[in-house]
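Everything quoted here is computed from the prediction, not taken from an experiment.
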Amino acid sequence: MISTAIRLARVGSRAELAAAALMALGYPCVMLAALIPNLWFFAAACAATYGADRFLHQRNSYLINRLNKVRAGLSIRFLVRQLLLVLLLARMGLAEEPLFYAAVAGFLLFYGLQAPQGALATLIRLRRAMPVVTRNVDLHAVRIPDAPPNSLVSRSAEKMLHLDVFALAGLLVAARSGIDLYGYAGLGLTLVLGLVYILLLVPYLRRSRRVPPAPAVLGAVDNWLREYQPSVVLYFSGSKESAYQVNMWLETLEQSEGRPLVVLREQAIMTQLGPTWLPVICVPGGTHLMNMDLSTVRVALYAANVGKNIHLLRVPTMKHVFIGHGDSDKIASVNPFSKVYDEVWTAGRAGRDRYALADVGVRDDDIVEVGRPQLAPIRTGTGVPAHPVPTILYAPTWEGWDDNPGNTSLLLAGENIVKRLLNAEKPVRVIYKPHPFTGIRNKKAKTVHHRITAMIEAANTARAAEPGRAREVADAEAGQTAARAELTRIEQTLATLTVTGRSGGDESEESRVSLADPERLERAKTLRAEWNDAYWRTFGRWEHRVVTGAQPRLYDCFNQSDGMVSDISSVVSDFIASGKPYAVTDSAQLGAEEFRRQNTAVRAAVILSNSAAELDELLTAVADPAADRLAPARRELKTYLLGPDEPTSIQQFNAAVTALTAKAEARNTGVAQRLSAQEQPGTEPEREPAADPEAAEAAAETTEPNGAETPVAR
């Protein structure tokens, strides 16, 4: 019942639900106490609303956003409480007393102070904004002053409003004791502190505290670009939830040849960007991007098909490549929009064939197979479970932008899958990792997610109570406690390593101080590996787990699993790299034969109906390698989907970058020659010699990699 209430209230935890209930009941109680009147009841109800309000704000609760939408925002809630205090004073017979008029005048003056305070905070924030935000880009040429203290500008409206607590407390004490001095003192303190807050903000309007104007910042960025001369750009636009789509390419780009650069379009992604030494420029404005000096770039890589791609696609001096963010049989993997790119890079032969079958206008000559460099962290399975209780990963994809039942197994089969795994004849451990987009479009998916989470929690409770389990739990407790302590230590160390400037700096200040330290980055990488190892030791090998958020990563879950259940998505293609058994759900009920025909990645999978009755075949293959009839098919499918093991994926990727760079240079040289010829009347533009077919074929064999599509997210 509590889980249902949490879901309906759109809050994230029991604590948030309790705070929401306290605030919902608190304001009627404040009004009732003012009408009775009862001073102690009023004080207690006010304290409850203050505490609940502040707690929900600190948690960034969705409920706060909803209250703002229905005109019950923060200022209104404070105003209502102050008006009810005035009502309480009137009901207590103080309406004709000087203190009553002082209270009314004091609250009016306090609200008068909020206008300049809000205006100053907004103006400071606007004057601190830069047209770009950078990481690992040297902007020493422009002077970027320190940001105002976070205590002044962060949640400034909330802090200002809370200063009324002194006036409220003073007036209540005065009403109780009959000594008006307490009320005057409280009102005076509130007004003085409000005025001091305003005065503390004023110095940050000085010219010396502002960031340079946009032309100066953009000029400094262009100067840096001309000095750095980037040759390859990874371009990305999307929401903060889609940051994983660009993060998956950072390590690959770090290993690429040339001078890489990452260009982002939304500042929200900057906070979600993984640690990297790559220079990063976030350019929200399309005009600023189109005027940026990217003349040295020869290859632009696109991880997603989005509208803002047009701002870079318009540049003819570079070659444009769709690399995507996953390899799957989803229709998004053969998006007709891909025709706008000069090339489409796929993981293996399957991606090439996928475009040929779809016939969406992408020519076979424009497809290059480059493997999947991101799959290096995935360990190949040994064929035997690492523990007596095998681990099965359930990683459903999200519901997609339409209502196609084949998008995700979560809605129609998710609960059946988890129930059968939890009640398997031979016990297994379940790791449930839903897609980060789950529920963003179809709220039913979020509801099912909560039910599955509750099922797993209940199963853990029941398993812990099994006969003989108590001793195992007790024996493991010391190790788990040590692992949790290690996690805390690692997280604290990582927090210090990832801070590039002083605490509380804004985006502009971080752009000034965010030059990468290779030693810190390497240390952080080592610590993240240690964190992952410690995380899996914080609970028993028999204990089910719900994994959400960025850590642990999906590939870490792969390495902990002996088998997987998923949907048609890049998750399946990536898991094939492990060689372990897997199952895919035919949620649209196409039938096993048609499902295999339409989806390459399921040719070596156990195919599940929505009842998940076929799960026993997967569990048998996991437990007994001799019964794993699909193992040969998985080995063959791995090469078809992901490309050959040799040359390595990163070698294929670098070869593709080199080959396309040469094409861009050849195009630019040809255009320059034709323009030069036009400027000299009477001269014929130099024609390129006819290509020697045999020489061209030989060159292709030595320079073009075996490649594969880079697909779309699960």
Legend entry - Shortest non-hydrogen separation from Gly439 to Glu399 and the atoms involved: N-OE2, 3.0 Å
Legend entry - Any donor-acceptor N/O pair, Lys433 side chain to Gly549 backbone, under 3.5 Å: yes
Inset, instruction - Taking all non-hydrogen atoms of both residues into account, name the closest pair between Val211 and Arg127 and its distance. - result: CG2-O, 3.2 Å
Inset, instruction - Report yes or no: is the cationic atom of Arg484 (NZ for Lys, CZ for Arg) under 6.0 Å from the centre of the six-membered ring of Phe539, at an angle within 45° of the ring normal? - result: no
Legend entry - Glu457-Thr461 side chain donor-acceptor pair, cut-off 3.5 Å: no
Legend entry - Side chain to side chain, Leu422 and His544, heavy atoms closer than 4.5 Å: yes
Inset, instruction - Please examine the side chains of Ser237 and Leu264, heavy atoms only from C-beta on, and report whether any two atoms are closer than 4.5 Å. - result: no
Legend entry - Nearest heavy-atom neighbours spanning Tyr184 and Pro98: OH-CB, 3.5 Å
Inset, instruction - Apply side-chain hydrogen bond (donor to acceptor under 3.5 Å, both in side chains) to Thr538 and list each qualifying residue two or more places apart in sequence or on a separate chain. - result: none
Legend entry - side chain to side chain contact (heavy atoms under 4.5 Å, CB included) evaluation trace for Tyr535 with Val547: CA-CA 11 Å; Tyr535 172 84; Val547 178; 3.9 Å; yes
Legend entry - Step-by-step side chain to side chain contact (heavy atoms under 4.5 Å, CB included) determination, Arg125 to Val153: CA-CA 8 Å; Arg125 186 171 60 253; Val153 294; over 6 Å; no
Inset, instruction - Quick one: pull up CG in Leu67 and CZ in Arg77 and give me the separation to the nearest 0.5 Å. - result: 5.0 Å
Inset, instruction - Please check if the side chain of Tyr111 supplies one atom and the backbone of Gly106 the other of a donor-acceptor pair under 3.5 Å. - result: no
Inset, instruction - Check Leu89 against Ala175 and note the closest heavy-atom contact, atom names and distance. - result: CD2-CB, 4.0 Å
Inset, instruction - For residues Phe55 and Met23, determine if any side-chain heavy atom of one lies less than 4.5 Å from a side-chain heavy atom of the other. - result: no
Legend entry - 4.5 Å side-chain heavy-atom contact, Arg545 and Cys557: no
Inset, instruction - Assess the side chains of Glu266 and Ser239: does a donor N or O sit below 3.5 Å from an acceptor N or O? - result: no
Inset, instruction - Check whether any side-chain heavy atom of His162 sits under 4.5 Å from a side-chain heavy atom of Glu158, and report yes or no. - result: yes
Inset, instruction - Tell me, with the steps shown, if Ile431 and Arg429 meet side chain to side chain contact (heavy atoms under 4.5 Å, CB included). - result: CA-CA 7 Å; Ile431 296 176; Arg429 176 178 70 161; 4.3 Å; yes
Inset, instruction - Would you check if the side chain of Ser511 reaches a backbone N or O of Val133 as a donor-acceptor pair within less than 3.5 Å? - result: no
Inset, instruction - Indicate whether the side chain of Trp531 and that of Gln551 have a donor and an acceptor atom separated by less than 3.5 Å. - result: no
Inset, instruction - Going by the ring pair (Phe, Tyr, Trp, His ring centres under 6.0 Å) test, name the single residue among Phe110, Phe107, Tyr50, Tyr27 that passes it with Phe78. - result: Tyr50
Legend entry - Donor + acceptor pair across side chains of Thr49, Arg81 (<3.5 Å): yes
Inset, instruction - Search all heavy atoms of Pro212 against all heavy atoms of Val217 and return the closest pair with its distance. - result: O-CG2, 3.8 Å
Legend entry - Any residue meeting side-chain contact (heavy atoms from CB on, under 4.5 Å) with Gln272, in chain and number order, not counting sequence neighbours: Lys240, Ala243
Legend entry - Residue pair Ile144 / Met130, side-chain heavy-atom distance below 4.5 Å: yes
Legend entry - Heavy-atom side-chain contact between Glu415 and Arg451 under 4.5 Å: yes
Legend entry - Tyr197 side chain near Ser156 side chain, heavy-atom distance below 4.5 Å: yes
